[in-house]
Number of protein chains: 2
Amino acid sequence: MTGTLTIAGLGPGSDVLVTPEVSAALASATDILGYAPYVSRVPPRPGLKLHPSDNREELARASEALRLAAEGGQVVVVSSGDPGVFAMASAVFEALEQAPQWQELPIRVLPGITAMLAAAARAGAPLGHDFCAINLSDNLKPWAVIEKRLLLAAEADFSIAMYNPRSASRPDGFGRALAMLKEVGCGEHLVIFARAISTDDERIETVTLNEATPEMADMRTLVIVGNSQTRRVGRWIYAPRRSR
Amino acid sequence: MTGTLTIAGLGPGSDVLVTPEVSAALASATDILGYAPYVSRVPPRPGLKLHPSDNREELARASEALRLAAEGGQVVVVSSGDPGVFAMASAVFEALEQAPQWQELPIRVLPGITAMLAAAARAGAPLGHDFCAINLSDNLKPWAVIEKRLLLAAEADFSIAMYNPRSASRPDGFGRALAMLKEVGCGEHLVIFARAISTDDERIETVTLNEATPEMADMRTLVIVGNSQTRRVGRWIYAPRRSR
């Protein structure tokens with residue numbers, strides 16, 4: 001049987017947010033690779049080999065997935081959310097660039113509900129107007145690039161979805177990001193802290209940027225900083241479609 | 001029975017990209033409202049009333065949906081893609097702001113696979129690094145705001161997902177946007193034209209910005225302009241995770 005490689009998004013956590021396309025890919029897989037907490041979302045069954053791995057091992061995991069597919073496996077690499085948004089798809093194509101012998105393998109990328117869409121839906125419609133998505137991790141880019149992008153995003157009056165705002169190994173960047181946005185006049189913008197949306201640990205909270213503190217976010221939090229027009233209606237937060 | 005209002009995303013077109021959560025909402029609905037081509041994706045059945053309406057009637061449709069829910073209906077407003085990204089969710093909250101008597105209605109927003117995620121998955125991983133999403137329609141915002149955001153996005157080296165790049169009533173803006181990005185030095189960036197992804201009319205094409213022409217896009221096209229690092233590997237396009 002010809003091997004295949006599928007890079008699939010499991011959505012933010014709940015099974016009701018997994019697309020039928022992804023469910024079908026998981027059902028016919030021989031091998032599942034991914035960060036251990038995501039692999040653990042796939043139920044074991046006879047004939048399916050689970051290959052959980054550690055965080056920060058994306059490139060090694062991607063190469064291993066290509067190798068297993070080249071050997072004939074029906075291989076699925078799983079990401080939380082969408083595999084193309086700060087997740088495994090780019091890592092697989094990086095690995096593929098280093099291994100031209102595998103470039104003819106049948107590869108598919110299956111989209112998923114990325115964290116910002118799940119968070120936005122729970123809050124209302126804070127991404128209803130132009131927005132950007134920035135990965136706040138400086139593991140793979142200089143912090144100066146992140147700062148520059150945040151400042152330009154504020155100047156453009158984008159709503160800003162912040163992925164990976166804060167972790168044990170990067171405790172300080174998020175506080176600097178908040179301080180910088182305050183300095184450039186976004187203090188009254190609404191900020192949504194959406195943690196583990198659609199899981200049992202879900203928690204969502206909205207404050208102004210002036211009220212926001214770094215401790216409100218951890219590695220399972222997606223942060224959305226509203227633009228100048230973002231506002232509350234009842235218990236909902238939304239960005240009006242119009243802008244002046 | 002208490003009325004409810006659900007704002008649901010149908011994904012880009014294919015049934016295999018509709019989440020189980022959305023399918024369940026459609027199955028228990030009494031009324032479906034939306035732009036006619038999206039309502040037509042919901043199969044008719046006894047007890048279900050379909051309310052197709054024209055484009056550009058978002059606010060009237062939203063008010064009607066609230067009214068039907070207030071009268072006890074299990075009302076679902078459908079959008080293509082994700083309802084929170086340049087779609088019906090913001091319109092519903094705008095209508096709600098004008099109608100405080102309905103603010104206690106049970107409302108849910110159900111996320112969907114938005115066009116840029118479907119397009120990115122088909123192309124590879126062009127949204128694997130920081131990016132922004134801009135609605136190129138100037139129906140609800142001045143064109144100058146769009147130009148400003150495009151320039152700042154280019155300066156930030158975001159990949160840029162362009163929604164609603166071009167329509168019969170707005171034939172010229174997209175060409176101006178391409179010209180402007182060329183002027184500021186993005187001519188060698190890769191541009192993905194992704195039309196009607198996951199439908200029978202699917203078509204995807206990638207060229208450099210210098211090679212791109214306005215006619216490559218229509219109202220069913222999602223355009224992704226890559227950042228300075230976006231590149232090809234085999235038949236795939238991706239944004240590397242690293243940036244300098």
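Each chain gets a letter, A, B and so on, in the order the sequences are listed, and its residues count up from 1. As the structure is a computational prediction, the values presented were derived from the model and not from experiment.
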Leading residue by heavy atom contact count with chain B [cutoff under 4.5 Å; candidates D15(A), D82(A), I160(A)]: D82(A)
Which atoms of A133(B) approach chain A - backbone, side chain, both or neither, heavy atom under 4.5 Å: both
Atom group of L105(B) that falls short of 4.5 Å from chain A, counting heavy atoms: backbone
Point-to-point distance, once rounded to the nearest 0.5 Å, from CG of L26(B) to CD of Q74(B): 13.0 Å
Heavy-atom pairs under 4.5 Å with chain B, option from S243(A), G11(A), G84(A), G234(A) with the top count: S243(A)
Contact origin within A91(B) toward chain A - heavy atom pairs under 4.5 Å: both
Under 4.5 Å from any heavy atom of chain A - which part of I107(B): both
Toward chain A: residues of residues 17-25 of chain B with heavy atoms under 4.5 Å: L17(B), V18(B), T19(B), P20(B), E21(B)
Presence of salt bridge, R61(B) and E58(B), under 4.0 angstrom: no
Per-residue contact mode, N135(B) against chain A (heavy atom under 4.5 angstrom): both
F131(B) portion near chain A, given a 4.5 angstrom heavy-atom threshold: both
Pick from E97(A), R241(A), K148(A), Q103(A) with the largest number of heavy-atom pairs that fall under 4.5 Å of chain B: R241(A)
Note, R149(A) side chain near K141(A) side chain (heavy atom, < 4.5 Å): yes
Plane angle bin for F93(B) and W236(A) - parallel if under 30°, tilted between 30 and 60°, otherwise perpendicular: tilted
Pair R242(B) + E94(A), salt bridge at N-O below 4.0 Å: no
Under 4.5 Å from any heavy atom of chain A - which part of M116(B): side chain
Which of I7(A), L127(A), L150(A) touches chain B most, by non-hydrogen pairs under 4.5 Å: L127(A)
Closest-packed option against chain B by number of heavy-atom pairs under 4.5 Å, given D130(A), I237(A), V145(A), I113(A): D130(A)
Under 4.5 Å from any heavy atom of chain A - which part of D157(B): both
